[in-house]
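One structure is given below, encoded as structure tokens.
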Amino acid sequence: MAAMPAVFTDRAVTEALAREPPPGHDGDSGGVGEVAAVEWQSSWRYEKQVTDGAVQTSHIVSVDTGTDPKEHETVSVQTDPVVASTDQSQYDEMGSMPDGVAEAVAEMAKVMFPALDANLHSHAFDGYDVEWEAELKQVVCEHVLQHEPLTDSGLQCTAVDWNATGAVVYVAYGRVDDVESWYAHKSTICSWNIDRYFLAPSRADSAIEMPGCVGSMACHPDRPSVLVCGLYNGVVVVLDTARPSGQEISFRSAAEQSHTEPVMQVAWVSSKDAQRRVVHTIISMAGDGRVLSWGTPKEHKTECVQLSLIARLAVKGSDIRRTQKGSKAGSGTEAGLSALALFTDGVSDQKFVVGTESGGLLQCTLAAAQPEGEANPVLMGHAPHAGPVNSMACSPFHRNLFLSCSSDGSVKLFNALYRKPILTVEPSFGYLFGVAWSPHRPAVFAAAAASGQVAIYDLAGAGGGVVPAVTLAASEDGAAVYGVAFNPKKARYLATADARGVVKVWALSDELIRRNSRELDTLDALANEVGAD
């Protein structure tokens, strides 16, 4: 067997060399012998092995997932009513009480509880409003307002009204005495907030230039910043003063659907839809004899949207001849309408009265409107005035009473069920241009005259409404007063507007704002007096 080469470890080789010389060594230092070749393997060093390899990540998978929100439900609960009890145990739970106190309270409760229950169902204080302001014994002028850039140019106040909150008074500036050249006059809607601490009487809080001369104006009954205006060019526009400057006109009637004569009156009509929600539409009346009903589509934030024409009504000359004796109006011609007022019954404003340039008074209804064409809305006529009817107002407290004033210098009170007037008063102030009924006192109304005076009547007063309770010098130089308006929220205030472009805000006396407990009964009795005629 062949001998295998010796394999030594590092330690074994070292020890062997230390014990004996290698083969062939003679022991002399000078002798050199041959040493057999040996090899050994390291015990701590290993041969490195290198291997090439490659790896690849798995494909990334993405998934889109959508989830629906959880359903939510709102539930309302109401606690059980608290039942009053005089059980002695209630007093014991509160702690010890002096002798006799619980018995005394129980005895008092026997008297107090029935009295409180009787007060709950009593009507003794109906119509009584607590006045937190100081008592005022006479009417005083609190504010004199005018927009000097307009009054210096000779513009007049053509209309005045209060907004829904009663804090802002709106005034239309134009020309009343020059209707034929309306296109040559600049028209502006100005407003003042009388609740502002720093009120500027000579400059309006806002002034909005209109596309035509404004002849009539009415504020929205619920939205404080919205009002509708009728222009002398026959167009109806709706303003929203809360919109950015220059974009206040939110709605406008189309020229081909508008009136062909100056718009003499505009008003908001309230009704309820199928869901019993209150809906407001617009009614306009002009000298062309037409009464148009307008709807407001969905409003755009910045652009002007066209009003939608809902109904067209037309009053003909034959209606005036049929209801007004001696009238020479042609049967086929349109009646020249000059004033309008809506009856309010709390549900829907369908009935209205119109006045004509010849003095006629006609009772009409919106229910006569037809899907196509122009309908005749006239129901009946009332005793006419001897001159043009300039203004009308329906009572906010009685569904059948209305007032009319005319250039003949008289104010007439009518019951819509009868033809003849209940009462006729003549202030002797010349032409009468405006009449308004107080929304706080059922028996109080005001009439504005061409002599610059405003007469306030109280039908429940000592004079029975035949003579004015108060006469105001609304214009210092005798300029005609074209507008008068009671504040719908603040019973203390009355606004007047004259031909010099001056607006005055009056603080009414307590006598004119505090309602009598039997005032409604007085109004009902007055309305029924005509029944014997």
Side-chain angles (χ1 to χ4, degrees), residues 70-140 142 162-167 194-195 197 221-224 270 272 275-278 344-347 395-399 438-444 458-462 486-493 507-526:
K70 296 181 178 180
E71 295 183 357
H72 296 274
E73 184 176 358
T74 303
V75 180
S76 301
V77 297
Q78 182 176 354
T79 59
D80 295 331
V82 179
V83 180
S85 175
T86 57
D87 189 3
Q88 180 65 33
S89 60
Q90 294 185 2
Y91 303 109
D92 296 340
E93 292 176 359
M94 293 187 295
S96 60
M97 301 179 67
D99 295 339
V101 173
E103 291 78 4
V105 172
E107 290 297 327
M108 293 174 61
K110 295 179 181 179
V111 180
M112 292 178 59
F113 287 164
L116 292 174
D117 184 68
N119 289 340
L120 184 63
H121 299 85
S122 174
H123 299 282
F125 295 97
D126 286 358
Y128 175 75
D129 295 326
V130 179
E131 290 292 337
W132 303 107
E133 301 176 353
E135 185 177 358
L136 193 61
K137 295 184 179 296
Q138 60 183 2
V139 182
V140 297
E142 284 203 356
W162 296 91
N163 75 336
T165 63
I194 63 172
D195 288 342
Y197 185 76
D222 295 330
R223 298 177 61 184
S270 301
K272 292 186 178 181
Q275 288 75 32
R276 308 297 297 172
R277 295 175 299 185
V278 178
T344 303
D345 58 7
V347 180
S395 171
F397 297 95
H398 197 288
R399 61 184 301 173
S438 171
H440 308 284
R441 280 283 312 277
V444 172
D458 188 355
L459 298 175
F486 286 92
N487 194 303
K489 297 297 183 182
K490 302 178 181 181
R492 182 71 71 182
Y493 294 121
L508 301 178
S509 63
D510 295 342
E511 182 182 0
L512 294 175
I513 64 175
R514 289 182 179 175
R515 186 190 304 183
N516 190 317
S517 60
R518 300 185 61 84
E519 191 166 344
L520 287 175
D521 296 336
T522 302
L523 200 65
D524 289 335
L526 186 63

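In this text the structure is predicted, and so the values were computed from the model without any measurement. For reference, positions follow the sequence shown, starting with 1.
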Mind listing the closest non-hydrogen atom pair of P439 and P396 along with its distance?
CA-CG, 4.0 Å
State whether the side chain of N487 and the backbone N or O of G166 hold a donor-acceptor pair below 3.5 Å, judged by distance alone.
yes
With rounding to the nearest 0.5 angstrom, report the NE2 to CG distance, H440 to L508.
9.0 Å
Could you go through the side chain to side chain contact (heavy atoms under 4.5 Å, CB included) check for K272 and V278 one step at a time?
CA-CA 5 Å; K272 292 186 178 181; V278 178; 4.3 Å; yes
Look up atom CG in L526 and atom CG in L459, then write down how far apart they are to the nearest 0.5 Å.
6.0 Å
For residues T344 and H398, determine if any side-chain heavy atom of one lies less than 4.5 Å from a side-chain heavy atom of the other.
no
Going through the checks in order, is the side chain to side chain contact (heavy atoms under 4.5 Å, CB included) test met by I194 and W162?
CA-CA 11 Å; I194 63 172; W162 296 91; 3.7 Å; yes
Counting N and O atoms only, with roles assigned by atom type, does the side chain of E519 sit under 3.5 Å from a partner on the main chain of A460, one being a donor and the other an acceptor?
no
Smallest separation among heavy atoms of S438 and F397, with atom names:
O-CE1, 3.5 Å
If you take all heavy atoms of A109 and P114, which pair is closest and at what distance?
O-CD, 3.9 Å
What are the two closest non-hydrogen atoms of P221 and A164, and how far apart are they?
O-CB, 3.6 Å
Roughly how far, to the nearest 0.5 Å, is OG1 of T165 from CG of D222?
11.5 Å
Carefully, step by step, assess R492 and I513 under the rule side chain to side chain contact (heavy atoms under 4.5 Å, CB included).
CA-CA 7 Å; R492 182 71 71 182; I513 64 175; 3.5 Å; yes
Scanning both residues in full, the closest heavy-atom pair of E142 with A507 reads OE2-CB, 3.5 Å
Minimum-distance pair of heavy atoms, taken over all atoms of L512 and V444
O-CG2, 4.2 Å
I would like to know whether L523 and S395 meet side chain to side chain contact (heavy atoms under 4.5 Å, CB included); could you show each step before the answer?
CA-CA 10 Å; L523 200 65; S395 171; 4.2 Å; yes
Yes or no on salt bridge (Lys or Arg N to Asp or Glu O under 4.0 Å) for R518 and D524, after CA distance, side-chain angles and deciding distance?
CA-CA 10 Å; R518 300 185 61 84; D524 289 335; over 6 Å; no
Between R515 and R441, is there a donor-acceptor pair closer than 3.5 Å when you use the side chain of the first and the backbone of the second?
no
Counting N and O atoms only, with roles assigned by atom type, does the side chain of N163 sit under 3.5 Å from a partner on the main chain of A167, one being a donor and the other an acceptor?
yes
